[in-house]
Amino acid sequence: MIFKQDILFCIYSFCGLLLQVAATKNKAKNTQGQVPITQNVTVVEGGVANLTCRVEQNDNTSIQWSNPAQQTLYFDDKKALRDNRIELVRASWHELSISISDVTLSDEGQYTCSLFTMPVKISRAFLTVLGVPEKPEISGYSGPVMEGDIVRLTCKTSGSKPAANIRWFRNDEEIKDFLFLKEEDTHKRTFTVFSTLDFRADRRDDGVVISCRIDHESLSSIPQIAKQQLIVHYKPSVEILPSSLIPQEGATLTLICQSKGRPVPESVIWKKDGAEIPDHERMSVKDGVLTISLLNKTDNGTYRCEATNSIGQNGTDYVLHVYDISTSSFLITISHFLTTATVKSTVTIASFTTASAAITIKRDPSALAGPSGPDHALIGGVVAVVVFVTLCLIIVLGRYLARHKGTYLTNEAKGAEDAPDADTAIINAEGSQANAEEKKEYFI
């Protein structure tokens, strides 16, 4: 009887052991799907960070969120840390989501989601906080600069994390050559960025807008920009524009003096051959424009326009040569012919270069205001064309005469002068030739 009880005890013990092993395996199998899943989060300083922890298979096991200091924020749906910025978004057996509003740089770090299984399973999410750079400032410009001076502009911005990038622009054109420097702030969380731009002021920089632009991932598509408009002082530049390329006697000539400078030049002054305008009855000046009526040969000379501002003085000359009516008409016709020939000609000849040069000189406005004047260049071109055409005609005529030049031999019929008709003349000529052959003279 005792033996039977021992056997039954052994059987029951073995069955219990099998059941315990089966239960352990089943529990381990069920806990394999209980894995917390999190994701890293990036947020701009002052924004809202959402932290979510998900568990696909959970058998009513508790979930917990803790901060980088390992302080519990939420245990399931129960708030553990007294921070009004932290709120519960969603709590269930499969998800625990919380939000942190008005995020600061100190909130950055590694947050932990814990699933209280045996053993405890965890998942970590790193919260990155971007420091927004402050609005940039441009320093180093205190007012108008003189042409030729060295200008140094410095752009500065603080509070960026990571360090911001600075770009310079001249109007809409980007400038590549500049100095860049960054420094960590006191708490080693943000950066202060400096950039220095050096250049030599030029009159072309007057009125130009220099921009300093801050690029940072926290600014998305709206960068921060600081602008500085430049004012460059320089002495005037002067240019004379005549109303006619070939002034002729009896006509009216207008000379426009264009001056540009900073500050704006005062009223311009006109002179002829270094002295004041001689004939005020026919010559008048108004708003920088010199008008000469009833042109004649006495008006020939060098006219100078001068402009002055607080920086300095500058001027330019125009040489006037008045043509008589016949000469001016000829020059105008030749000029028109050369212009047409230059545009329409398709024949390649040696004179084409000369004609093109003449036309180029005639149309160049800067040549009109030069000290040599436009007329000498025009006359030189016309004379070159005329000489070349004349040489071509002489060569062609010589070749024509050479081709038609020949040697002609005529044998007159002797004795035919007294013949009454042509037949008799031929007979007499033949007889004369025969007699001529028979007659011979001998000299001893």
Side-chain angles (χ1 to χ4, degrees), residues 147 203 206 233-339 357-386:
E147 184 179 23
R203 63 184 57 195
D206 184 41
H233 283 179
Y234 58 95
K235 68 179 183 179
S237 59
V238 183
E239 182 181 9
I240 297 177
L241 303 177
S243 61
S244 175
L245 299 177
I246 306 175
Q248 62 180 357
E249 287 184 312
T252 298
L253 177 66
T254 300
L255 300 178
I256 302 174
C257 181
Q258 290 187 347
S259 62
K260 182 180 179 181
R262 188 81 171 218
V264 178
E266 304 168 0
S267 58
V268 300
I269 299 176
W270 279 97
K271 295 181 181 180
K272 179 187 177 185
D273 298 328
E276 295 183 357
I277 299 298
D279 191 350
H280 293 284
E281 294 183 358
R282 295 186 304 107
M283 301 180 182
S284 61
V285 179
K286 183 179 181 181
D287 297 332
V289 179
L290 173 62
T291 303
I292 308 175
S293 58
L294 299 175
L295 287 172
N296 56 61
K297 297 291 185 178
T298 61
D299 297 327
N300 291 345
T302 301
Y303 291 79
R304 182 173 181 82
C305 174
E306 296 180 350
T308 307
N309 63 6
S310 59
I311 307 303
Q313 184 186 69
N314 200 1
T316 188
D317 296 333
Y318 172 79
V319 179
L320 172 61
H321 181 80
V322 180
Y323 298 91
D324 54 39
I325 297 178
S326 58
T327 304
S328 62
S329 300
F330 172 74
L331 292 177
I332 292 174
T333 303
I334 293 298
S335 301
H336 178 71
F337 169 75
L338 292 177
T339 304
I359 294 303
T360 303
I361 295 173
K362 183 179 81 68
R363 289 187 173 183
D364 188 5
S366 61
L368 300 175
S372 60
D375 302 318
H376 301 288
L378 180 62
I379 294 173
V382 173
V383 171
V385 173
V386 172

inquiry  = Rounded to the nearest 0.5 Å, what separates atom CG in D324 from atom CD in Q248?
reply    = 9.0 Å
task = Would you please name every residue forming a side chain to side chain contact (heavy atoms under 4.5 Å, CB included) with P263, sequence neighbours left out?
result = H233, N309, S310, I311
inquiry  = Between N314 (side chain only) and P236 (backbone N and O only), is there a donor and an acceptor less than 3.5 Å apart?
reply    = yes
remark   = Here the gap from W270 atom CH2 to I292 atom CD1, rounded to the nearest 0.5 Å, amounts to 8.0 Å
ask   = Just how far is it from atom CG of L295 to atom OG1 of T252, taken to the nearest 0.5 Å?
value = 6.5 Å
remark   = Across all chains, not counting sequence neighbours, the side chain to side chain contact (heavy atoms under 4.5 Å, CB included) partners of K297 are E249, N300
Scan the side chains in residues 281-288 for donor-acceptor partners under 3.5 Å anywhere in the protein, sequence neighbours excluded, and list what turns up.
{"unit_1": "R282", "atom_1": "NE", "unit_2": "D279", "atom_2": "OD2", "d": "3.0"}
{"unit_1": "R282", "atom_1": "NH1", "unit_2": "S293", "atom_2": "O", "d": "2.8"}
{"unit_1": "R282", "atom_1": "NH1", "unit_2": "L294", "atom_2": "O", "d": "3.0"}
{"unit_1": "R282", "atom_1": "NH1", "unit_2": "D299", "atom_2": "OD2", "d": "3.0"}
{"unit_1": "R282", "atom_1": "NH2", "unit_2": "D299", "atom_2": "OD1", "d": "2.6"}
{"unit_1": "R282", "atom_1": "NH2", "unit_2": "D299", "atom_2": "OD2", "d": "3.4"}

task = Please list, chain by chain and in numerical order, all residues satisfying side chain to side chain contact (heavy atoms under 4.5 Å, CB included) with E147, sequence neighbours excluded.
result = D202, R203, V232, Y234
inquiry  = Going by the rule side chain to side chain contact (heavy atoms under 4.5 Å, CB included), which residues pair with Q313 if we only count those two or more places apart in sequence or in a different chain?
reply    = E306, T308
request  = Evaluate the side-chain proximity of L290 to Y318: yes if any heavy-atom separation is below 4.5 Å, no if none is.
outcome  = no
task = Any chance you could measure I246, atom CD1, to L253, atom CG, to the nearest 0.5 Å?
result = 12.5 Å
inquiry  = Would you compute the distance between atom CD of E239 and atom CD1 of I256 and round it to the nearest 0.5 angstrom?
reply    = 10.5 Å
remark   = In short, disulfide bond (SG atoms under 2.5 Å apart) pairs touching residues 270-307 with sequence neighbours left out are C257-C305
ask   = Side-chain contact, heavy-atom cut-off 4.5 Å: N296 with V322?
value = no
task = Kindly compute the distance separating CD1 (I240) from CG (L320), expressed to the nearest 0.5 Å.
result = 11.0 Å
